[in-house]
Asks: 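One structure, as structure tokens, below. Some questions next.
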Protein chains: 2
Amino acid sequence: MAKDKVNIYDVAKKAGVGIGTVSRVLNNSQKVKEETRDKVLEVMKELNYRPNKLAQNLASQTANAIAVIVPTFIDHYFVEVLKGIQDALEEEKIDLILYKIDKDEKMMDKIMDIVQSKKVDGIAAVTMDISKQDYKDLLKEDIPVVLADEKTSDFHSIYLDDIKGAEMAINYLLNLGHKKIAFIDGLKESQHGSDRLKGVKKALESRNLQLVSELLKFGDFHTKDGYQSMQEILSLPEEKWPTAVFAASDNQAIGVLQAMEEKELKAPDDIAVVGYDNIELAKYLKITTIWQPMYQLGHLTIEVLLKAINGEIEGKFSKELELKLLKRETA
Amino acid sequence: MAKDKVNIYDVAKKAGVGIGTVSRVLNNSQKVKEETRDKVLEVMKELNYRPNKLAQNLASQTANAIAVIVPTFIDHYFVEVLKGIQDALEEEKIDLILYKIDKDEKMMDKIMDIVQSKKVDGIAAVTMDISKQDYKDLLKEDIPVVLADEKTSDFHSIYLDDIKGAEMAINYLLNLGHKKIAFIDGLKESQHGSDRLKGVKKALESRNLQLVSELLKFGDFHTKDGYQSMQEILSLPEEKWPTAVFAASDNQAIGVLQAMEEKELKAPDDIAVVGYDNIELAKYLKITTIWQPMYQLGHLTIEVLLKAINGEIEGKFSKELELKLLKRETA
DNA sequence: CTGTTAGCGCTTTCAA
DNA sequence: TTGAAAGCGCTAACAG
């Protein structure tokens, strides 16, 4: 009985106008006589009419939505970014479609699917390492793409400099007088891991110091990796122990601290510790760390994307966000 | 030059078939002679054709997407839920549109917008307290709706029982021999807050005990709220101090612990402390707490939603997820 | 098995 | 200002 699907024709008929007019009041486009508009609006209310966005989008060739693409996990790292994204989208009546895409061979294909599906007007890819893939197909499309946490000149890009971050940490320790510094890196293969290693070496070399191979470990950014690495280091003869440890993530730094605690070693007195990320726990444990502006990263990414969609950006936008060393109590 | 937008007609023409056939191979619907199908597939590859989903959706009257609606903040509480949602969506080729909607007067209207926009086939609302609103319009629509972390019989619903959770905590303390127990609740107005208070009273009364008004505090679930509340409690004459404190969130429990530390009070020896949520930090600080299965909540919500969309559910699905008391070192 | 045709519900010229 | 008509790109009968 209840004709569930009231459409623009129903409104037009009941209001005694053409669908073109209804469409016009819907979009506030062109002039519509106030009297007519009021009548239409009234009927829309009566019928409880709301436009079918799918149809609007198809007809207008815009999706009123953006895609945010993230790799495998929505972890705590990503929460701040997402908050920034959300806030930047606030007020805009633009939908956020969240895609989780693994970084494998099929990655670019899946992204192309999204692009050509026409369901979104723009794409924000967070730490997807797109610049390491074959992205020429994506370049051919004229859809705006912003890469967050990834530096490249082929797309708009907002990024952090891991090399600098690592240098900051090491220089800080160096200035404190430390000379034997251990570095517990993340995954060797990850961009973050390799860049942070570069930064460490660079900082050390600028003082004519070398990174001792026994004091360089790799892990997966997790607590247990830091714990294991530190255990290995502490199993070295004591004279080889470092006076400071820089961990590529706070989680690893926590593992380091645990390994130290088991040997009744205290930071910073016995061995100083610096982490990376500034996670909640780091604040609580008063770990000196490198803070990354994740919220800003998300926010700016969307700001740029929206501007790009509106054609308000010339060329490729590129911006490095500043890191900060948070001096606390472990170093 | 490059005719960017290759559509189904281009494919049909080049393959020498009708668009109906192309559509059939696209959807694997009906039989298509293998030879024809191969030809079409080949042409699609050549032309790098990918279907316009907007058009597909409009024509097929399905969106291939679901909406996940959450209130103001994507906070750490929500991360686990989102992970569960994501994992449940894995394999399905269904898009996830994330809507953040404030719980104000406009809430239901915004939700109706989403429903009638036809952009999604179903809705998962997480802790939105929809059952406290005027939701009859939503009920009229025949779109599947699943409420997560909210109990109701008008929609599918997956929920947690805060009353039970609070009872568990209090009973645990009672069994440990505590009789003077303080309760630091969350917001008085929140469903969680009021239910947990009910649970506390219920558990106490079952042993003929009363909740002393001086030992009942309200806060906003944050660390500083717990801290302040505990300070107030500790400013009472010492004979009025509780021997145990139950905080409605781990964050508040941490605040409690801080306030105690300042007075050189230890948990559990001086005063026992139980939290709620099982956040990361609680694990690290070894806080005894009530664990809520947030990941499962997200996962099951989507499972149910997908089934409902496929018409595989009779009546209203309703399930309570079990809480667990995690016994650690503060109580 | 497959081509043709009629929508899906809107936006957008084009005239009037 | 406004109505009519032509799409947007695809799905889904309906014949054949």
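Every chain is numbered from 1 and lettered A, B, ... according to where its sequence line falls, protein lines coming before strand lines. Treat the numbers as computed from the prediction; the structure is a model and nothing was measured.
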Asks: Does C/dC10 have its OP1 or OP2 closer than 4.0 Å to a side-chain nitrogen or oxygen of A/Ser23?
Replies: no
Asks: Using whole Å, report how far CG of A/Leu26 lies from P of C/dG9.
Replies: 14 Å
Asks: Provide, to the nearest angstrom, the distance between the CD atom belonging to B/Gln56 and the C1' atom belonging to C/dG9.
Replies: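 From B/Gln56 CD to C/dG9 C1': 17 Å.
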Asks: Take the protein atom CG of A/Asp10 and the nucleotide atom P of C/dC8, then report the distance between them rounded to whole Å.
Replies: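 Going from CG in A/Asp10 over to P in C/dC8 covers 11 Å.
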Asks: Check every atom of C/dT4, C/dC10, C/dG9 against the side chain of B/Arg24 and return the nucleotide holding the closest atom.
Replies: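 It is C/dT4.
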Asks: For B/Asn57, report the nucleic acid contact type (base, sugar-phosphate, nothing); a contact means any heavy atom under 4.0 Å.
Replies: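 Nothing, no nucleic acid heavy atom in range.
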Asks: Rounded to the nearest Å, what distance is computed from the CG atom of residue B/Asn52 to the C1' atom of nucleotide C/dG9?
Replies: 15 Å
Asks: Find the distance B/Lys119:NZ to C/dC10:P and express it as a whole number of Å.
Replies: 14 Å
Asks: Are the side chains of A/Asn57 and A/Asn64 in touch, meaning some heavy atoms are under 4.5 Å apart?
Replies: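 With C-beta onward as the side chain, the pair touches.
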Asks: Could you tell me from which nucleotide to which nucleotide of DNA chain D, 5' to 3', there is an atom under 4.0 Å from chain A heavy atoms?
Replies: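 On DNA chain D, the outermost contacted nucleotides are D/dT1 to D/dG9.
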Asks: Between B/Pro293 and B/Tyr295, is there a side-chain heavy-atom distance shorter than 4.5 Å?
Replies: no
Asks: CD1 of A/Ile19 versus C1' of C/dT12: gap in Å, rounded?
Replies: 10 Å
Asks: Specify the residue among B/Glu34 and A/Ala55 whose closest nucleotide of DNA chain C lies further upstream toward the 5′ end.
Replies: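 That would be B/Glu34.
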Asks: Without placing hydrogens or testing angles, list every side-chain donor-acceptor pair under 3.5 Å for residues 311-318 of chain B, not counting sequence neighbours.
Replies:
none

Asks: Tell me: CD of B/Gln61 to C1' of C/dG9, nearest whole Å?
Replies: 8 Å
Asks: Nearest 0.5 Å, what's the NZ-OG1 distance between B/Lys39 and B/Thr21?
Replies: 13.5 Å
Asks: Contact class for A/Ser29 vs. all strands (heavy atom < 4.0 Å): base, sugar-phosphate, or nothing?
Replies: nothing
Asks: Contact class for B/Val22 vs. all strands (heavy atom < 4.0 Å): base, sugar-phosphate, or nothing?
Replies: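 It contacts nothing in the nucleic acid.
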Asks: Is any side-chain heavy atom of B/Ile8 closer than 4.5 Å to a side-chain heavy atom of B/Asp10?
Replies: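 B/Ile8 does not reach B/Asp10 side chain to side chain.
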Asks: If you count the non-hydrogen atoms of other residues, nucleotides and ligands that lie under 6.0 Å from NZ in B/Lys110, is the total more than 12?
Replies: yes
Asks: Taking OH from A/Tyr49 and P from C/dG9, how many angstroms apart are they, rounded to a whole number?
Replies: 10 Å
Asks: Against B/Lys119, only a single residue in A/Leu54, A/Asn52, A/Ile97 fulfils side chain to side chain contact (heavy atoms under 4.5 Å, CB included); can you say which?
Replies: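 Among the candidates, only A/Leu54 passes.
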Asks: Tell me which of B/Lys33 and B/Tyr9 sits closer to the 5' end of DNA chain C, going by the nucleotide each one is nearest to.
Replies: B/Lys33
